[in-house]
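Remarks on the structure that follows.
Residue numbers start from 1 in every chain, and the chains themselves are labelled A, B, ... in the order their sequence lines are given, proteins ahead of strands.
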Amino acid sequence: VIVAEIKEIAEIRQMIDRYSSILVVGCDSCVAECAAGGNRETMLLAAALKLSYRKDNKDPVITESCLDRQCVDDFIERIAHLVPEHEAILSLGCGAGVQALARVYSDKPIIPALDTLFIGETEMRGVWQENCLGCGKCKLGYFGAVCPVTRCSKKLMNGPCGGSKGGRCEVREDIPCGWDMIMRRLESLGELDRLEEYVPPVDWSTSHSGGPRRVVREDQKP
Amino acid sequence: VKTESRLEKVLSAGHFAVTAECGPPRGADVSSVEKKGRTLLGCVDAVNVTDNQTAIVRMSSVAACSILKGLGHEPILQMVTRDRNRIALQSDLFGAFALGVCNVLCLTGDHQCFGNQKEAVGVFDLDSIQLVKTVRDMREQGTMIGGTEIQVAPKMFIGAAANPFADPPEWRVVRLAKKVQAGADFIQTQSIFNLDRFEQFMTRARDLGLTEKVSILAGVTPLKSVGMARYMATKVAGMDVPEETINRMAAAPKDKQADEGIRIAVETIQKVREIKGVAGVHLMAIEWEEKVPEILKAAGIPQRAHV
């Protein structure tokens with residue numbers, strides 16, 4: 001899932017205070033899974049904003065709505081009837097959702113309510129872990145399905161740095177050393193030999209370094 | 001010999017090599033580089049110039065190398081992959097060699113979170129082993145990454161670091177072997193305080209035949225105080241300062257702790273010298289370069305002969 005966190009009300013207010021009517025739009029996919037921007041969080045944020053404005057003796061129109069997915073046109077169009085009567089849209093989608101809304105509703109200001117963080121997994125209830133940087137050339141097959149690009153703080157390809165101590169990263173105690181994980185996993189699979197070979201420099205041109213990426217598939221077009 | 005490096009000549013002649021670290025200033029202060037450089041003249045074979053160590057902004061390593069070269073030193077350019085991508089790294093290798101620098105120590109570098117620019121992007125386009133291979137390919141094949149031919153290729157004597165005290169211990173020698181295979185000619189180790197662990201590391205290295213292929217210089221750092229010992233034990237990445245060392249420093253009266261730290265460093269040099277496969281010593285006297293001559297003298301290391 002795409003993992004995000006909700007911004008502080010104060011920061012959101014700084015961006016939306018200039019509008020007198022706001023449509024608060026959630027996204028019931030990834031950001032619902034990480035409890036940041038789903039149906040429940042959308043209702044909570046709308047209520048919190050109303051309360052916050054009431055304290056300041058202000059009373060902007062705040063309407064809430066939640067889409068199944070904010071990054072796909074078919075879903076985005078489902079709020080078309082609500083958009084004209086609001087001055088701005090406050091999105092609880094990820095960065096992709098915010099920008100998709102802006103493309104579809106090109107005459108409306110779209111304000112993000114979330115900070116989008118990473119592609120990751122729900123490790124357990126309440127814990128989300130980053131584990132993919134979308135580098136565009138998946139190397140997990142060589143590293144025991146632990147990503148050195150994502151799980152090593154220095155993106156090292158040829159083994160752990162000198163800062164790995166007791167399975168912990170030098171950056172912070174609470175970060176497990178990615179290379180320690182790679183080695184333990186390969187050891188249990190009996191594939192430690194994979195690590196003896198020199199890994200040449202990574203081709204970063206398939207990552208965001210090559211510019212914003214786009215996939216076009218003729219066979220999928222209508 | 002593969003290069004014009006004085007360090008290579010010393011090592012290939014079988015002499016016990018001595019290198020020392022010299023940290024550039026946090027600014028453009030030429031005189032401080034010269035001052036540190038002068039104290040080291042005649043007592044070391046080569047001077048390591050750190051590259052924004054612990055991610056704190058300092059004078060460029062290439063520039064400081066050039067200044068030290070002007071004093072008659074043999075500089076070792078430290079290069080970390082944290083701050084520069086492969087374009088800048090290769091460009092700086094050309095520039096350094098053009099200025100007469102023919103030794104390089106290839107490092108990944110401490111993470112930027114340790115320094116005074118915590119919000120910086122961490123580049124890490126290459127890792128240290130890939131940088132070693134890059135410098136080797138320049139020297140042996142005359143090519144840059146991707147195979148483009150170089151007009152006057154740098155011929156550098158190539159160094160890499162090894163940390164015998166990082167985890168997992170069994171991996172440390174495998175990584176050393178990878179560095180040697182990628183092209184490392186010499187190795188400078190992390191500061192040694194735990195001699196038992198260092199000996200274990202050297203035994204493993206000898207068992208794999210690595211000491212035949214690469215010159216290992218044992219890293220030694222004199223402690224200034226018990227505070228520094230504690231700081232290094234807990235706050236510096238990849239350090240192993242045993243309780244015993246900390247207690248020894250703590251037992252000395254405050255005004256005698258620096259002397260005790262120097263005594264420990266001298267003993268360490270004498271002990272590592274006895275370990276088979278140790279080709280030299282690398283002194284990292286952090287902001288204490290002026291103590292290097294005294295430490296070497298006390299350890300019985302003679303003035304440097306011209307080779």
Side-chain angles (χ1 to χ4, degrees), chain A residues 133 135 137 139 142-144 146-188 191-210, chain B residues 54-55 80-82 85-86 89-90 107-114 118 122-134 136-137 145-146 160-183 189-191 219 234-240:
Chain A
L133 276 179
C135 72
K137 197 82 195 167
K139 304 156 188 69
Y142 302 104
F143 298 106
V146 179
C147 177
V149 175
T150 314
R151 303 303 297 268
C152 170
S153 302
K154 300 177 182 174
K155 301 188 173 79
L156 298 186
M157 300 306 290
N158 283 289
C161 76
S164 175
K165 209 166 191 180
R168 300 278 126 189
C169 174
E170 71 175 31
V171 172
R172 274 204 329 269
E173 270 280 300
D174 63 344
I175 302 175
C177 168
W179 269 96
D180 191 77
M181 290 193 287
I182 291 172
M183 293 176 56
R184 276 189 288 120
R185 174 113 170 114
L186 285 179
E187 191 174 17
S188 71
E191 293 188 15
L192 265 180
D193 60 293
R194 285 190 186 273
L195 299 183
E196 283 164 22
E197 208 164 307
Y198 167 78
V199 180
V202 174
D203 174 1
W204 297 112
S205 70
T206 57
S207 77
H208 182 262
S209 284
Chain B
T54 63
V80 299
T81 63
R82 175 193 62 225
N85 69 8
R86 65 190 79 180
L89 287 168
Q90 294 182 100
L107 306 164
T108 301
D110 291 323
H111 194 270
Q112 61 274 14
C113 70
F114 290 103
K118 297 185 199 308
V123 177
F124 303 113
D125 180 17
L126 303 183
D127 63 29
S128 57
I129 299 187
Q130 291 161 348
L131 182 59
V132 166
K133 175 84 160 50
T134 302
R136 205 251 309 256
D137 288 349
I145 296 174
N163 185 356
F165 314 107
D167 290 325
E170 64 278 13
W171 170 257
R172 291 298 137 191
V173 182
V174 179
R175 188 156 157 89
L176 175 64
K178 272 184 110 162
K179 289 187 174 182
V180 173
Q181 197 195 348
T189 76
Q190 177 65 283
S191 305
T234 54
K235 295 280 190 304
V236 180
M239 281 285 189
D240 179 358

Looking only at non-hydrogen atoms, find the nearest pair between B:Ala237 and A:Gly163 and report the distance. CB-CA, 4.3 Å
Could you pull out the closest heavy-atom pair between B:Arg175 and A:Pro160, with the gap in Å? NE-O, 3.0 Å
Contact leader toward chain A among [options], where contacts are heavy-atom pairs under 4.5 Å:
| options | answer |
| --- | --- |
| B:Pro164, B:Ala166, B:Ser128, B:Ala182 | B:Ala166 |
| B:Met239, B:Gln181, B:Lys179, B:Gln112 | B:Met239 |
| B:Gly122, B:Pro168, B:Ala177, B:Ala162 | B:Pro168 |
| B:Leu131, B:Val174, B:Asp240, B:Thr108 | B:Thr108 |

Side chain, backbone, both or neither of [X] within contact of chain A (heavy atoms, under 4.5 Å):
| X | answer |
| --- | --- |
| B:Gln190 | neither |
| B:Leu126 | side chain |
| B:Asn163 | side chain |

Working to the nearest 0.5 Å, report the span between NE2 of B:His111 and SG of A:Cys161. 9.5 Å
Distance check, rounded to the nearest 0.5 Å: A:Arg172 atom CZ versus B:Cys113 atom SG? 8.5 Å
Those residues of residues 196-209 of chain A, ordered by number, that approach chain B below 4.5 Å (heavy atom to heavy atom): A:Glu196, A:Glu197, A:Tyr198, A:Val199, A:Pro200, A:Pro201, A:Val202, A:Trp204
More than 12 heavy atoms of other groups within 6.0 Å of B:Lys235 NZ: no
Count the heavy atoms of every other residue, nucleotide or ligand shown that sit under 6.0 Å from NZ of A:Lys137, and state whether that count exceeds 12. no
Note, A:Lys154 side chain near B:Arg82 side chain (heavy atom, < 4.5 Å): no
Give, as side chain, backbone, both or neither, the part of A:Leu195 having an atom under 4.5 angstrom from any heavy atom of chain B. both
Under 4.5 Å from any heavy atom of chain B - which part of A:Met183: side chain
Taking it one step at a time, do A:Asp180 and B:Trp171 satisfy side-chain contact (heavy atoms from CB on, under 4.5 Å)? CA-CA 10 Å; A:Asp180 191 77; B:Trp171 170 257; over 6 Å; no
Taking side chain to side chain donor-acceptor pair (under 3.5 Å) as the cut-off, I'd like each qualifying pair that reaches into residues 158-167 of chain A, sequence neighbours left out, listed once. A:Asn158-B:Asp127, A:Asn158-B:Lys178
